[in-house]
Amino acid sequence: MRPLNSILSRVVVLHIVAVAITSLAMCIALSWLLNRATDNIHDEAMRKQATAIASHLRMGADGKPALQLPPDLQGIYSQPYNRYLYAVVDENGTVLFSSQANHAPVFSDWAKTDLSLDEARRGDATISGVSLRKNLDGKDFWIQTGENLSNRDALTDDITRGFFREVGWITVPILLILLVIDIAIFRRALRPLRHASLVAQNIGPTRTDVRLPADNMPLEIKPLMMAVNRALDRLDEGFRVQREFAADAAHELRTPLTVIRTRLDLVGNQELVASLRRDLDSISHLVNQLLEFAEVETAEISPDEIADLREICENVAAFVAPLAISQRKTVALTGGEEPVLVFGNREMIRRAVLNLANNAVEYTAEGTTVEFLIQRDGTLGIKDAGSGISPDERELIFQRFWRRDRKRSGSTGLGLSIVRRIVDIHDASIRIEDNPTGGTTFTVAFRAYLDGTL
Amino acid sequence: MRLLVIEDNDELAGLLAQGLRTAGYESDRFSSVEDARIALSTVSYAALILDLGLPDGDGLDVLRELRRRSDSIPVILLTARGGLDDRVSGLKLGADDYLVKPFALEELLARIEAQLRRPGQLLGASLKVANLSFDTRERRCLIDDTPQPLSVRETTVLEHLMRSKGRVVSKRQLEDSIFGLSEDVGSNAIEVYVHRLRKQLSEKGSKAQIHTIRGVGYLISEDQ
């Protein structure tokens, strides 16, 4: 099977691609959200620190601001820790208080608003924090708090890594489960379509009564199914008309022929009557063959019909034997007495065998035997001892109205085309071979029904 | 002997009646399902010749009704259709024989004759093939009117073949006719009886010949 030939496999492949892209996008989005969340936490912490420091900044009695930090706050800003920084600056940028030994501001350039988010580079490190305005006796001071991000990154990395180890992995199985569920959904959605395909497989040249189930079809497919069904309806109707025509024609032709025939029979056995009767017989034969031909052209067989080839051959052999005997010929059947079951319609197979047998009896030489050779695999050989058929005639003989000898009466040229048609609708094969001892063998291979039990 | 002919083509019905009269049968003819019903319920016929396509219905309906009433009157169907299913359904419904149009009058007469003398029918008759004849009442075989001494089983085989003159009788049918179901039949028993029969008939100058249709059965016909 070629890949991606079924709708389901296409959907699955596309779905896997979609899942992969979604997973990647989700990871990127999640890590961005995580970073933003940590940033928010950081900004909030800085603001709180600045507010806390601001609450300890007062105007001293000397008219200068004084900062009295409690010990727990002082600990946060201790030099060895070197993570958080603070400074208090006035509007000229003069540093009044600083947690750093060099008495530097945290941000030398800040927005000078009520509250601003600021960032500064210091060596390799990035300092990020806030500047908070506080007004003491009409003068503006800014309390700057900052955090060394090279320290914070380690923590964030921990969280991010921890997130993927402890939480993020869950997305993979969830997406996989989703994939499985989706496959199940698709299979379910495609079920009516698959069913319709199976039904459609049964539509062959010999079945026109099959219709596709349009009832449970998805809206997208329903018009297609209904269009196919309408086409089948029209085909069926065409077949029906032809069948009815053949039946009507049969009645309209055969009854007057019977009238003529009976009238002749009542006249008696004069020479003229006998020759008229022979003419009538050949017209009757032609009419019969034509009607038979029309009938098998539109015949249908259901795929589960089974017939006993051995029984059919016995019936046909018994049927043609009197004619053969009257012409100083005979028939014989070989191949055991067990039933030989094949797929097909008994009456149609009988017609094919009868046509072959009639031909064989007609062409076999006087004093010889037409043999029916039945094999257990559903193959039937009909062997005559006639003059044989040349290789270039072997295809021609199956064409309708082809006759080797146009002067020969009794031959319509339809018998073998009827045989060919019956062979075709039975999915069987036919071949013609020379016998080593002269004459011809027609071999028809039907599909054997191997189960053997009825 | 009165026969009933149901055929909607007047011309054909008339000709058939004429042909039957020549062969010694009286007949009534009607052309519809309705008339057939009335005729069958009022007169006792020896056999029914029934066309399938009738103007007011299907001849098979008449047949179906007859068999439902357990009426065993021999029925020979005439059909113009000769369709794949027709003959099968006709025989399934209990027809005794059928003829596809067009048929020879001689063929119809032969079929009627076969039906009227079939086992179960009261009529006894003399069966003839060339100079060989068989008296079904006395169960005797005659060649040129000289009675022939035959064993019981040889007689049974010959009777069977002669009842089906011109048609093949299968080996199994012959076995069934001379052996009970429980008896173990030797595989070549029938061949032995046929061989003996053949020998005796030819020695006594019979012009009838028993042909072997290998793998199928036997057939008796006039010597060619």
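Lettering follows sequence order; numbering is per chain, from 1.
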### Query
So, B:E113 and B:K165, do they make that salt bridge, N to O below 4.0 Å?
no

### chain A interface, residue from B:G215, B:G19, B:P102 that has the most non-hydrogen pairs under 4.5 Å
B:P102

### Query
What part of A:E371 is in contact with chain B, defined as an atom under 4.5 angstrom from a non-hydrogen atom: side chain, backbone, both or neither?
side chain

### Task
Let me know if A:R261 has heavy atoms under 4.5 Å from chain B in its side chain, its backbone, both or neither.
side chain

#### Entry: Among the listed options B:N9, B:L108, B:D51, the residue most often paired with chain A at heavy-atom distances under 4.5 Å
B:N9

### Message
Applying salt bridge (Lys or Arg N to Asp or Glu O under 4.0 Å) to A:E347 and A:R351, what does each step give before you reach the verdict?
### Response
CA-CA 6 Å; A:E347 279 304 312; A:R351 283 195 180 188; 5.3 Å; no

### Query
Where on A:N315 is there a heavy atom nearer than 4.5 Å to chain B: the side chain, the backbone, both, or neither?
neither

### Task
Might you confirm whether atom CZ of B:R172 has over 12 heavy atoms from other residues, nucleotides or ligands at distances under 6.0 Å?
no

### Query
Do A:R278 and A:D281 meet the salt-bridge criterion of a basic N to acidic O distance under 4.0 Å?
no

### Message
Closer than 4.0 angstrom, basic N to acidic O: yes or no for A:E338 and A:R376?
### Response
no

### Query
For B:I213, is it the side chain, the backbone, both, or neither that has a heavy atom closer than 4.5 Å to a heavy atom of chain A?
both

### Message
Report which part of A:T330 has an atom under 4.5 Å of a heavy atom belonging to chain B: side chain, backbone, both, or neither.
### Response
side chain

### Query
With B:T212, which of B:E191, B:K171, B:R198, B:H195 fulfils side chain to side chain donor-acceptor pair (under 3.5 Å)?
B:R198

### Query
Any salt bridge between B:R111 and B:D96, counting N to O under 4.0 Å?
no

### Query
Heavy-atom distance under 4.5 Å to chain A: side chain of B:Q18, backbone, both or neither?
both

### Top contributor to chain B contacts, counting heavy-atom pairs under 4.5 Å, from A:T262, A:L253, A:L257
A:T262

